[in-house]
Amino acid sequence: MKLRTDHLVIGSGIAGLTYAVKMAEALPDRHISIVTKANEAESNTKYAQGGVAVVWDREKDSFNKHIADTLRAGDGHCDPMVVAMVVNEGPDRLHELMNWGAQFDIDDGGSLNLGREGGHTEYRIVHHKDITGHEIEMALLRRIDQLPNITLFDHHFAIDLITEHHFENDLPNEIGCYGAYVMDQVTGEIKVFEASTTLLATGGVGQVYGHTTNPAIATGDGVAMAYRAKARIADMEFMQFHPTALLDGAEKQSFLISEAVRGFGAFLRNKHGERFMLRYDERGELASRDIVARGIDRELKRSGEECVYLDCTHLNAAEFEAHFPNIKQKCLEHRIDPQTDWIPVVPASHYLCGGIDVDQHGRTSIHNLYACGECSRTGLHGANRLASNSLLEALVYAHRIFAWQRYQSLSEVPRSIPEWNDEGTVINSENIVVKHNVKRLQALMRDYVGIVRSHKRLALASKNLQTIYREVETLYRESRLNPELCELRNMVNVAHLIICQSSRQDENRGGFYNKDLDSSRRMKKHDTMAERKAMDCEQREELILA
Ligand code: FAD
Ligand code: SIN
């Protein structure tokens, strides 16, 4: 079946929905289709806790301070123009979100209540208790519902982008995108969505690591589709690990204990009660995420323990509950009372700083293909994202893509786009093979491509991935497709990109750390006392590991 739409959006998190609302409001005669693979609200966005980083209080805070914090966290790898642009546009985008009905916590004086998180030198995190993402997602979905020129297709899985590779023998110099092949997960039919523009807003890749704060949908589909279509993909080595996921034994998604809890005054302790982060950075628990995650990793490797602890027992109990009701509830479900017990935490994969390379209008290297949100690489985050800059980035870029597209006329879609061809394939009765390979892949990424990497581990990862890749490609060619198989194939592509780009990286920076790389070169670039202390610890760890 062929469906024709003006603008196709793949993904219904903050990025896809914000763009769709803006386009639909400004261009009522255009039609926008959103396809999303689970129910309409399921996304990383829905689970965001801490909030949106925005300079709101212009007396205490300033754009320059937020810019400086973002650049410091990004460790010399951000695009300064992009950082300034995103930070400066933040307040306008937040106003729009509030106009669409999103509500944020207010303090006694009637102003927005601003929280603080690691790497921020000021209080600037706008939040809705500890369920900010849920509030934003619901407000956007309500607005989408009111706009007649948007159709949202839930349980529709995008398999591949439509480019000339699908219907031309002689490829043009500039590859274009004309929509996507999408599986209706209820009927199993693969539909052709033809569109003048396509926006990838497919979110993160956390599931590639198994142990993650991300929900099951975060399998890197957009990055993999763009990669197969030959778009430029960058900075995949900069995977961010969140320092404090609850040690809950969860199979798919670990519950996050927001960084805002540390911003609120919680301490990280080892089992002896020591505030070990002060050994690694003078900012202690509020150092940027890469430093805290590595600090915990080192502490765990040294002690052989399975977790460290977040100590909230000294915090005002009533205020804690008012700010973090969801976190408190979840802890209680695990028989941990944050008022009296330390919360057991471990780092978990959390956020992809790299992704599909885009310019300041969200354009990828493929004509008429755009990317927004976590699947994109804009240059904002550099080597390590500053906490709560992700929702902000999605809001700003959704607006910029809209601002660019609204004055473009609709481009033609070629007539020769073929239907999906699954001739010769059979229904795969061996789903156990898919499940087994997902587990193999996740173990490989966790053990060899985690917080601390080495040349040897990366080489082993690359070699072992080849075996998985061959098995999965054979299965893909011979089987009638299902979402699990497509997700596995996508995760293998993403793992390949992370491993390759990690292997090419020749210096430790931000979230990337390879223990075999020359530390002294980096020391010259980051000659602060805190960095030097961290380097000392790293070198000691190498001796211990040796
Ligand atoms: P998502 O919200 O992940 O949406 C992706 C969408 O694409 C989903 O609807 C998904 O179903 C769909 N999709 C994916 N693949 C396909 C496919 N093949 N076909 C069809 N649909 C598909 N950031 C902050 O700034 N502040 C925070 O406080 C914060 N807290 C966080 C807490 C947690 C637990 C997590 C996991 C992340 C947090 N982040 C936070 C990061 C932030 O939530 C995400 O980066 C952001 O929400 C990503 O938005 P998105 O629209 O790009 O993607
Ligand atoms: C958190 O609340 O700790 C997550 C914030 C983020 O990922 O930006």
Side-chain angles (χ1 to χ4, degrees), residues 1-12 16 19-20 23 27 29-37 149-202 221-233 356 362-372 375 401 405 408-425 473 476-477 479-483 485-487 489-490 493:
M1 180 199 290
K2 283 196 180 182
L3 295 161
R4 173 87 185 105
T5 186
D6 295 324
H7 304 283
L8 175 64
V9 181
I10 306 178
S12 59
Y19 161 85
M23 291 292 283
L27 303 167
D29 54 340
R30 300 254 181 110
H31 186 261
I32 296 110
S33 295
I34 305 173
V35 297
T36 192
K37 69 178 175 180
N149 51 337
I150 299 180
T151 312
L152 193 149
F153 298 83
D154 60 4
H155 301 286
H156 274 64
F157 187 102
I159 298 169
D160 257 326
L161 298 169
I162 301 170
T163 57
E164 281 84 358
H165 303 96
H166 291 275
F167 56 89
E168 299 242 330
N169 290 330
D170 294 326
L171 292 179
N173 284 339
E174 190 184 26
I175 300 290
C177 178
Y178 308 99
Y181 291 108
V182 178
M183 179 190 292
D184 179 333
Q185 289 160 261
V186 177
T187 63
E189 183 187 6
I190 297 178
K191 301 172 180 168
V192 186
F193 276 78
E194 295 180 348
S196 289
T197 69
T198 302
L199 175 72
L200 285 168
T202 47
D221 301 353
V223 176
M225 282 189 272
Y227 171 62
R228 289 195 294 270
K230 313 245 180 302
R232 209 167 39 235
I233 313 286
I356 308 158
R363 292 182 299 180
T364 71
S365 54
I366 293 180
H367 190 54
N368 283 334
L369 177 67
Y370 296 74
C372 187
C375 68
I401 297 170
Q405 286 185 4
Q408 311 282 323
S409 48
L410 292 173
S411 43
E412 291 284 310
V413 174
R415 287 171 187 275
S416 47
I417 293 174
E419 296 272 356
W420 185 261
N421 180 1
D422 57 6
E423 238 173 70
T425 59
E473 281 302 307
Y476 185 85
R477 267 197 314 277
S479 313
R480 193 79 40 89
L481 296 189
N482 63 47
L485 176 55
C486 293
E487 284 180 342
R489 183 176 186 235
N490 291 335
N493 286 174

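FYI, the numbering just counts along the sequence from 1.
By the side chain to side chain contact (heavy atoms under 4.5 Å, CB included) test, Lys230 is found to be paired with His165, residues two or more places apart in sequence or in another chain being considered.
Ion pairing of Lys37 with Asp154 is absent here, as no side-chain N (NZ or NE/NH1/NH2) approaches a carboxylate O to less than 4.0 Å.
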Could you please spell out the steps behind the side chain to side chain contact (heavy atoms under 4.5 Å, CB included) verdict for Ile162 and Phe167?
CA-CA 9 Å; Ile162 301 170; Phe167 56 89; 4.1 Å; yes

Please test Thr36 against Leu152 for side chain to side chain contact (heavy atoms under 4.5 Å, CB included), starting from the C-alpha separation and ending with a verdict.
CA-CA 8 Å; Thr36 192; Leu152 193 149; 4.0 Å; yes

Could you walk me through whether Tyr178 and Glu194 pass side chain to side chain contact (heavy atoms under 4.5 Å, CB included), step by step?
CA-CA 6 Å; Tyr178 308 99; Glu194 295 180 348; over 6 Å; no

Side chain to side chain contact (heavy atoms under 4.5 Å, CB included) between Ile34 and Thr151, intermediate numbers included
CA-CA 6 Å; Ile34 305 173; Thr151 312; over 6 Å; no

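At least one side-chain heavy atom of Lys191 sits under 4.5 Å from a side-chain heavy atom of His156. In this structure the side chain of Met225 reaches within 4.5 angstrom of the side chain of Leu200, judged on heavy atoms. Using a 4.5 Å heavy-atom cutoff, the side chains of Gln405 and Thr197 are in contact. Looking only at side-chain heavy atoms (C-beta outward), Cys177 and Leu161 come within less than 4.5 Å of each other. For the pair Val182 and Ile190, the minimum side-chain heavy-atom distance is 4.5 Å or more. Considering only heavy atoms from C-beta on, Tyr370 stays 4.5 Å or farther from Tyr19 through its side chain. Between Asp170 and Glu164, every side-chain heavy-atom pair lies at or beyond the 4.5 Å cut-off. Between Ile10 and Thr198 there is a side-chain heavy-atom pair separated by less than 4.5 Å.
The OG1 atom of Thr163 lies 9.5 Å from the CG atom of Leu369; values are rounded to the nearest 0.5 Å. With values rounded to the nearest 0.5 angstrom, Arg4 atom CZ is found 11.0 Å from Lys2 atom NZ. Taken to the nearest 0.5 Å, the CD atom of Glu412 stands 8.0 Å off from the OG atom of Ser196. Separating the CG atom in Asp221 from the CZ atom in Arg489 is a distance of 11.5 Å, to the nearest 0.5 Å. With values rounded to the nearest 0.5 angstrom, Phe153 atom CZ is found 4.5 Å from Ser33 atom OG. With values rounded to the nearest 0.5 angstrom, His7 atom NE2 is found 3.5 Å from Met23 atom CE.
Leu485 and Tyr476 make their closest contact through CD2-CA, 4.0 Å (heavy atoms, listed as atom of the first residue, atom of the second, distance). Across all non-hydrogen atoms, the minimal contact from Cys372 to Ile401 is CB-CD1, 3.7 Å. Closest non-hydrogen pair, Ile175 versus Ile366, comes out as O-CG2, 3.5 Å. Across all non-hydrogen atoms, the minimal contact from Ser365 to Ala231 is OG-CA, 3.4 Å. Of all the heavy atoms in Ile159 and Met183, the pair that sits closest is CD1-CB, 4.0 Å. Ala201 and Gly16 get closest at one heavy-atom pair: CB-N, 3.5 Å.
Under a 3.5 Å cut-off, the side chain of Thr202 and the backbone N or O of Gly11 do not form any donor-acceptor pair. Using a distance-only test at 3.5 Å, with no hydrogens or angles considered, no donor-acceptor pair links the side chain of Ser479 to the main chain of Leu481.
Within 6.0 Å of CG in Asn173 there are 12 or fewer heavy atoms belonging to other residues, nucleotides or ligands.
Aromatic pair His166/Tyr181: centroids less than 6.0 angstrom apart.
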Can you give each donor-acceptor pair under 3.5 Å made by side-chain atoms of residues 415-423, sequence neighbours left out, with the distance rounded to 0.1 Å?
| residue | atom | partner | partner atom | Å |
| --- | --- | --- | --- | --- |
| Glu419 | OE1 | Met1 | N | 3.1 |
| Asn421 | OD1 | Glu423 | N | 2.9 |

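In summary, the side chains of Arg363 and Asn368 do not present any donor paired with an acceptor at a separation below 3.5 Å, with no hydrogens or angles considered.
The side-chain hydrogen bond (donor to acceptor under 3.5 Å, both in side chains) test with His31 is passed by exactly one of Asn149, Thr5, Asp6: Thr5.
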